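Here the structure comes first, spelled out in structure tokens, and everything after it is commentary.
Please read these numbers as outputs of a predicted model, since none were measured by experiment.
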Amino acid sequence: MTIIGIDLGTTRSAVAKIKEGEPNIIENSEGERVTPSIVAFDGEERLVGKTAKNQILTNEENTVKSIKRHMGEDYTVTLEGDEYTPQEISSMILQKLKNDTEDKIGEEIKKAVITVPAHFDDTQRQATKDAGEIAGLEVERILNEPTAAALAYGLEDDQDKQILVYDFGGGTFDVTVLEIGDGIYEVQSTEGDNNLGGDDFDEKIIEWVLNKFEEENNIHLENDEALQRIREKAEEAKKELSSKKKTKITIPFIHQEDGETYNIDYELTRSKFESLVEKLIQRTTKPVETALNDADLGNKDLDEVILVGGTTRIPAVQEHVQAITGLEPDQSISPDEAVAIGAAIQAGSISGDMEDILLLDVAPLSLGVEVKGGLTETLIEKNTTVPAEEAKTFTTAQPNQTAVTIHVVQGEREMARDNKSLGQFNLEGIPPAQAGMPQIEVTFEIDADGILQVSAEEQQSGEEASISIDDASRLDEEEIEDMKKEAEKHAEEDEKRREFIETKNKADQIISQAETQIDNFEDQVDEELIDGIKDAIKDVEKSKDEAEDIENLEKASEHVDKAIESLEKELQEIGKEMYGDQSSPGGVGGFDPSNMSEEDLKQAAQNMKGTSEQASENDVVDADYEEVDSDTESSKDEEKA
């Protein structure tokens with residue numbers, strides 16, 4: 001059974017397959033090696049690729065391009081009165097590639113490997129997989145584009161190498177660091193900007209043309225047809241300036257007003273173009289640096305730099321890559337075809353048409369759950385090799401809990417609300433017990449496609465629940481990049497907030513312990529001591545309330561910590577008094593607290609916490625709860641985790 005490799009690109013797509021042990025690009029029905037990722041409807045006729053592109057000027061309202069930038073979003077486009085999701089539009093592109101391949105090779109195609117940007121999140125990957133299934137393809141693997149490119153370049157090379165793949169396409173930018181050798185491709189790190197691509201370079205030229213026209217004629221062009229004509233010429237100019245020092249942007253009859261006709265006839269030099277896009281090129285610097293840092297490598301450790309994506313044809317981009325890496329980039333394979341070729345190699349490895357390769361990719365963002373105080377408890381770290389499975393044990397914070405809610409998030413921020421919510425599910429049927437007693441194991445499984453499955457099990461009862469994260473939760477490209485930038489910007493603030501929340505959680509725990517000790521020893525120790533502990537409990541509760549009004553989080557934590565220390569000292573007095581009673585008969589068989597260190601006294605108090613100590617065993621993570629309505633009970637406490 002033939003498995004094809006597909007590069008489903010933002011602006012152009014390509015398909016390849018293995019023939020006689022070698023990957024080959026399959027030409028489309030128009031005889032071209034790449035297909036524009038454009039879909040249009042003309043009445044009831046559906047147009048895909050070049051035919052759709054050729055009629056944009058006369059039918060722009062029923063034409064859609066760059067739909068990949070909306071993959072995984074709650075987004076629709078309207079064509080000829082009908083609404084379509086990004087998955088449906090993408091499936092039309094995939095279907096054309098499938099049909100054209102079948103016509104070329106005379107064989108039915110049912111399976112494919114499809115590539116995605118390395119920084120596509122879980123919902124975007126699932127949406128891509130759905131698009132393939134809609135197109136009638138069984139998606140054998142979702143493969144990261146830079147990794148696919150590395151497969152294409154590394155096919156004939158058996159040497160061990162550290163490679164950086166600089167993938168600058170029409171709609172996204174990715175950089176991936178890999179180690180390859182002996183048929184093993186191990187991704188060490190990945191970074192990128194999912195809202196940066198060649199389309200943005202086109203927009204800079206369009207903006208320059210519009211501003212120049214308005215300055216000369218005092219006319220602001222807003223007509224859709226005029227803007228589309230300028231957009232087409234801008235893309236042509238960008239391509240020409242990759243091989244020429246200057247180009248002409250000529251558009252006759254662009255506007256008519258008061259009987260006068262206006263034309264556009266501007267010369268755009270390469271140097272002017274480079275000045276227009278300089279900031280866009282500079283935006284790729286930080287992701288490259290981050291990827292190298294995450295892989296614990298420097299420029300001197302790199303053996304090769306590979307360029308992928310049509311935007312890397314721009315000379316200024318090539319010069320920038322050489323400047324920031326210190327290496328002359330490898331362009332031996334067409335940047336428009338490398339990803340599809342790599343996808344075909346992976347497909348050939350699966351089908352048995354090629355020797356096996358071991359491909360070890362990574363998760364692009366951290367995955368975790370929300371826990372007490374709104375914090376993120378990470379289970380799978382960013383750049384963890386996939387497939388991966390991690391589990392952690394959580395517990396309850398309120399007595400007689402019967403249900404918990406597992407809230408799954410993705411991102412690098414300390415606070416769950418600042419990360420992307422992927423979904424949540426309830427685990428019910430937990431036997432009522434004291435707070436901290438139930439043991440709830442949460443397991444994250446991420447497969448080779450980067451798609452996540454989350455499950456939870458209460459250890460005593462065996463009750464289970466799970467969720468498969470799909471496109472019901474959507475993250476767009478801009479959000480995913482903003483999340484990373486915000487994480488860097490607010491890292492220090494997030495850490496202080498985490499410390500403050502953990503301090504408040506510690507206050508709750510010490511209060512719970514103190515109340516337990518009062519219940520256990522009230523009749524055995526001095527009444528004045530018990531009163532002192534009760535007063536200290538009130539002081540801790542008061543300090544928590546007061547801390548909420550302190551803007552400086554560091555000072556707020558210190559304020560609560562002081563009250564906690566006072567309560568801890570009061571609790572130590574119980575230990576002193578109890579041990580003092582045991583040692584009173586001349587010290588025989590007992591202990592003299594006067595000779596005990598402060599740590600020993602704390603341990604003595606810790607030993608008398610009763611059942612409360614169970615909550616700290618086995619790396620159990622405490623979590624917060626809220627009451628929610630239930631069909632079977634009037635209310636249940638559920639975990640915000």
Side-chain angles (χ1 to χ4, degrees), residues 1-18 23-30 32-41 45-53 63-73 75-77 79 82 84-105 107-117 120 123-145 148 169-172 336-337 339-344 346-347 350-351 449-451 470-471:
M1 174 67 71
T2 298
I3 305 175
I4 57 174
I6 296 176
D7 172 16
L8 181 61
T10 305
T11 56
R12 286 177 291 275
S13 297
V15 59
K17 70 176 289 290
I18 301 299
N24 289 275
I25 293 291
I26 305 297
E27 292 183 349
N28 59 25
S29 58
E30 292 81 25
E32 297 178 347
R33 296 170 69 86
V34 294
T35 298
S37 299
I38 302 175
V39 173
F41 278 81
E45 184 182 8
R46 187 173 79 187
L47 308 172
V48 182
K50 188 175 181 179
T51 55
K53 184 176 182 179
T63 304
V64 59
K65 62 185 217 175
S66 299
I67 193 65
K68 184 174 173 179
R69 281 193 161 181
H70 299 286
M71 189 67 86
E73 289 184 35
Y75 177 88
T76 58
V77 293
L79 304 174
D82 293 323
Y84 298 91
T85 65
Q87 293 95 311
E88 291 173 302
I89 296 297
S90 298
S91 74
M92 297 172 192
I93 300 168
L94 291 170
Q95 199 167 50
K96 174 178 171 56
L97 297 174
K98 173 181 181 292
N99 293 341
D100 286 356
T101 300
E102 290 173 337
D103 290 342
K104 285 287 182 180
I105 68 174
E107 179 184 339
E108 185 180 9
I109 300 297
K110 293 183 177 181
K111 297 182 178 183
V113 170
I114 303 177
T115 62
V116 296
F120 257 27
T123 57
Q124 292 166 309
R125 291 168 188 270
Q126 185 63 56
T128 303
K129 200 167 186 177
D130 291 345
E133 291 174 2
I134 295 169
L137 291 167
E138 183 180 337
V139 182
E140 289 288 314
R141 180 80 184 266
I142 295 292
L143 181 64
N144 287 344
E145 290 165 2
T172 61
D336 290 327
E337 299 176 1
V339 172
I341 289 172
Q346 176 65 39
I350 295 171
S351 66
D449 295 330
I451 295 173
D470 56 28
D471 64 350

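The pair Lys50-Glu30 does not meet the salt-bridge criterion, since no charged nitrogen lies less than 4.0 angstrom from a carboxylate oxygen.
Atom NZ of Lys104 has more than 12 heavy atoms from other residues, nucleotides or ligands within 6.0 Å.
Heavy-atom minimum distance, Ala343 versus Ile6: CB-N, 3.8 Å. Annotation for Lys68 and Leu8: closest pair NZ-O, 2.9 Å, computed over non-hydrogen atoms. The two residues Val339 and Ala148 have their closest heavy-atom pair at O-CB, 3.6 Å. The two residues Ile67 and Ser90 come nearest to each other via the heavy atoms CG2-OG, 3.7 Å. Shown here for Ser91 and Ile134, the closest heavy-atom pair between the two residues is OG-CG2, 3.4 Å. Taking every heavy atom of both residues into account, Pro86 and Met71 meet most closely at CB-CA, 4.0 Å.
Within the model, atoms CD of Glu133 and CD of Glu138 stand 8.5 Å from one another, a figure rounded to the nearest 0.5 Å. Here the OG1-CD1 distance, from Thr11 to Ile38, works out to 8.5 Å after rounding to the nearest 0.5 Å. With rounding to the nearest 0.5 Å, the separation of CD in Glu88 from CD in Gln95 is 12.0 Å. Here Asn24 contributes atom CG and Glu337 contributes atom CD; the two are 10.5 Å apart, rounded to the nearest 0.5 Å. In this structure, the separation between CG on Leu94 and CD on Gln87 is 11.5 Å, given to the nearest 0.5 Å. The OG1 atom of Thr2 sits 12.0 Å away from atom NZ of Lys110, with the distance rounded to the nearest 0.5 Å.
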Problem set entry | Derivation of the side chain to side chain donor-acceptor pair (under 3.5 Å) call for Asp130 and Gln126 | CA-CA 6 Å; Asp130 291 345; Gln126 185 63 56; 3.1 Å; yes

Exercise. Can Asp7 and Ser13 be said to form a side-chain contact (heavy atoms from CB on, under 4.5 Å), step by step?
Worked result: CA-CA 5 Å; Asp7 172 16; Ser13 297; 5.9 Å; no

Exercise. Given the rule in the side-chain contact (heavy atoms from CB on, under 4.5 Å) test, do Val15 and Ile25 qualify, once you have shown the distances and angles that lead to the verdict?
Worked result: CA-CA 6 Å; Val15 59; Ile25 293 291; over 6 Å; no

For this session: Please step through side-chain contact (heavy atoms from CB on, under 4.5 Å) for the pair Leu137 and Lys98, ending with a clear verdict.
Result: CA-CA 8 Å; Leu137 291 167; Lys98 173 181 181 292; 3.7 Å; yes

For this session: Could you please spell out the steps behind the side-chain contact (heavy atoms from CB on, under 4.5 Å) verdict for Thr10 and Arg69?
Result: CA-CA 7 Å; Thr10 305; Arg69 281 193 161 181; 4.1 Å; yes

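Between the side chains of Ser29 and Lys96, at least one donor N or O sits under 3.5 Å from an acceptor N or O. Between the side chains of Thr35 and Asn28, at least one donor N or O lies within less than 3.5 Å of an accepting N or O.
In summary, the aromatic rings of Tyr84 and Phe41 are positioned with their centroids under 6.0 Å apart.
The backbone N or O of Phe120 sits less than 3.5 Å from a side-chain atom of Arg125, completing a donor-acceptor pair. Listed for the Glu102 side chain is a donor-acceptor partner under 3.5 Å among the backbone atoms of Ile109. In this structure, the side chain of Thr115 does not engage the main chain of Asn144 through any donor-acceptor pair within 3.5 Å. Arg33 places no side-chain N or O within donor-acceptor distance of the main-chain N or O of Ile26, the cut-off being under 3.5 Å. A donor-acceptor contact shorter than 3.5 Å is absent between the side chain of Thr51 and the backbone of Leu47.
Looking at His70 and Ile89, their side chains never come closer than 4.5 Å, going by heavy atoms from C-beta outward. Counting only heavy atoms from C-beta outward, the side chains of Val39 and Thr63 never approach each other to under 4.5 Å.
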